[in-house]
Amino acid sequence: MDEWEEQASGEEEEEEEGSDEVALDSVDVMMDEASIFAHYERGINFDKYDDIMVDVSGSNPPQAIMTFDEAALCESLRKNISKSGYLKPTPVQKHGIPIISASRDLMACAQTGSGKTAAFLLPILQQLMADGVAASSFSEQQEPEAIIVAPTRELINQIYLEARKFAFGTCVRPVVVYGGVSTSHQIRDIFRGCNVLCGTPGRLLDVIGRGKVGLTKLRYLVLDEADRMLDMGFEPDMRRLVGSPGMPTKENRQTLMFSATYPEDIQRMAADFLKTDYLFLAVGVVGGACSDVEQTFIQVTKFSKREQLLDFLKTTGAERTMVFVETKRQADFIATYLCQEKVLTTSIHGDREQREREQALADFRFGKCPVLVATSVAARGLDIPDVQHVVNFDLPNNIDEYVHRIGRTGRCGNTGKAVSFYDPDTDAQLARSLVTVLSKAQQEVPSWLEESAFSSGGAAGFNPSRKGFASTDSRKGGSFQDQDPRSQPAAAAPEEDEWE
Ligand SMILES: Nc1ncnc2c1ncn2[C@@H]1O[C@H](COP(=O)(O)OP(=O)(O)OP(=O)(O)O)[C@@H](O)[C@H]1O
């Protein structure tokens, strides 16, 4: 089974022995203020974000803000923003914050690493604080004002830590729930008060189903990585969530969606969850790659990849590098191979225990292992400082996945590099989408890739319809990717390591 889906449907069962300790390690750790506000620096291209074209569609969008001061945030939020090292808002924040503060539903698209998390957290927290919301005392059912959903455990934990950082020193209490760790521990944490509940879908539905979380006070529903949350793997869970007893109708809640990619069919379906007058915010090309990532391609054959990877890693030394592979088995295999070759490597994938996954991320984050071999479970959202290289050892089978993977580097105005191994025998179906992504990001397109894209092989296998990225708000019509009637929905194809 696809490891994302495994999380979607299998979280409830994951009360394995020892999981309490994991929960204590990861969730309840008492961090000091300095570590809560630890952050990495904006990169040299941070100011260039302001040159990116912004398009807001829908009726009567509010005026964008130019500074955090214009957002009229309360004192504690301003202090926390400044302690986080934020001097000025990024474009998605300049437009997103006033839209959310104006109580509008929003579908927002902005490139990876450009500050989408704060774009939804800040206006929500501001409104809750302005309304005097405070975590209630111990109660065996809590009624959060906001729910944030994301597809992976590590990502939702990261969002929770961001929420906790911005809410530091206030009465608003964020809580996180996700699979692979003790449910009872998380429920106890909810009982202590919960205003902003961050969760992966399976565990969220579990705590709601057990009656530990009531939905009648819910005002905000946020889908981060919204296109992923609404594709085949998670859509049923999202429909169950909005259909849960007590969940306010879409007219009576504010629904916010964020991602760097929005295939058109997903945009159309997303409209089921949003009020009809939702705003669509596009910062740059919808589905476009981060312009601060230099993308290169190396033609390989299946059997030369391992040596090529080793040669590449010899040139990068201790620079932090994420190596993406397609299957869990491949992740173990490549990580073991690299360790045998004395490259300090760890790995993350859906078959590893949650404790091991968190340890792997920590070892990578803090530099103990500069190389992280990962499946798609680490492709979206993770914000790890100083990732200098992303290697696509195996290219993914859809273009959005590629965009998210390479977006683990080149964040917050920093530059990064992505190297992809292109095997003409297996990757030709991606060639045309890659050419489009490269050109839209003003990157050099290798002539052999262009030839491959427009040769019969590249064109015949071209499969944009399900995972094609839209140029704009689908309500305007027209995606810039060709629509090939022969193509099969890519969602039917394996996205990750499901066949193992
Ligand atoms: N206004 C700002 N000033 C300085 N740093 C910022 C600002 N906004 C966000 N950041 C930092 O930029 C980094 C990337 O932000 P974030 O993780 O929200 O990106 P994202 O757009 O959600 O990316 P992805 O699409 O990969 O999920 C984070 O470390 C965040 O703290």
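Please read these numbers as outputs of a predicted model, since none were measured by experiment. We count residues from 1, following the sequence as given. Whatever order the structure lists ligands and atoms in, that order sets their numbers, starting from 1.
- The ring pair (Phe, Tyr, Trp, His ring centres under 6.0 Å) pairs that include a residue from residues 61-107 are Y86-F166, where partners are two or more places apart or lie in different chains.
- Aromatic pair Y160/Y178: ring centres not closer than 6.0 Å.
- Every pair tested for ring pair (Phe, Tyr, Trp, His ring centres under 6.0 Å) that includes a residue from residues 364-384 fails, sequence neighbours excluded, so the list is empty.
- One N or O on the side chain of Q254 and one on the backbone of R104 form a donor-acceptor pair closer than 3.5 Å.
- Listed as neighbours of ligand 1 are Y40, R42, F46, F68, Y86, K88, P89, T90, Q93, Q111, T112, G113, S114, G115, K116, T117, E162, E225, G381, D383, R408, R411, C412, each bearing a heavy atom under 4.0 Å from the ligand.
- The ring pair (Phe, Tyr, Trp, His ring centres under 6.0 Å) search around Y422 returns W448, not counting sequence neighbours.
- For T321 (side chain) and E319 (main-chain N/O), a donor-acceptor pair under 3.5 Å exists by modelled atom type.
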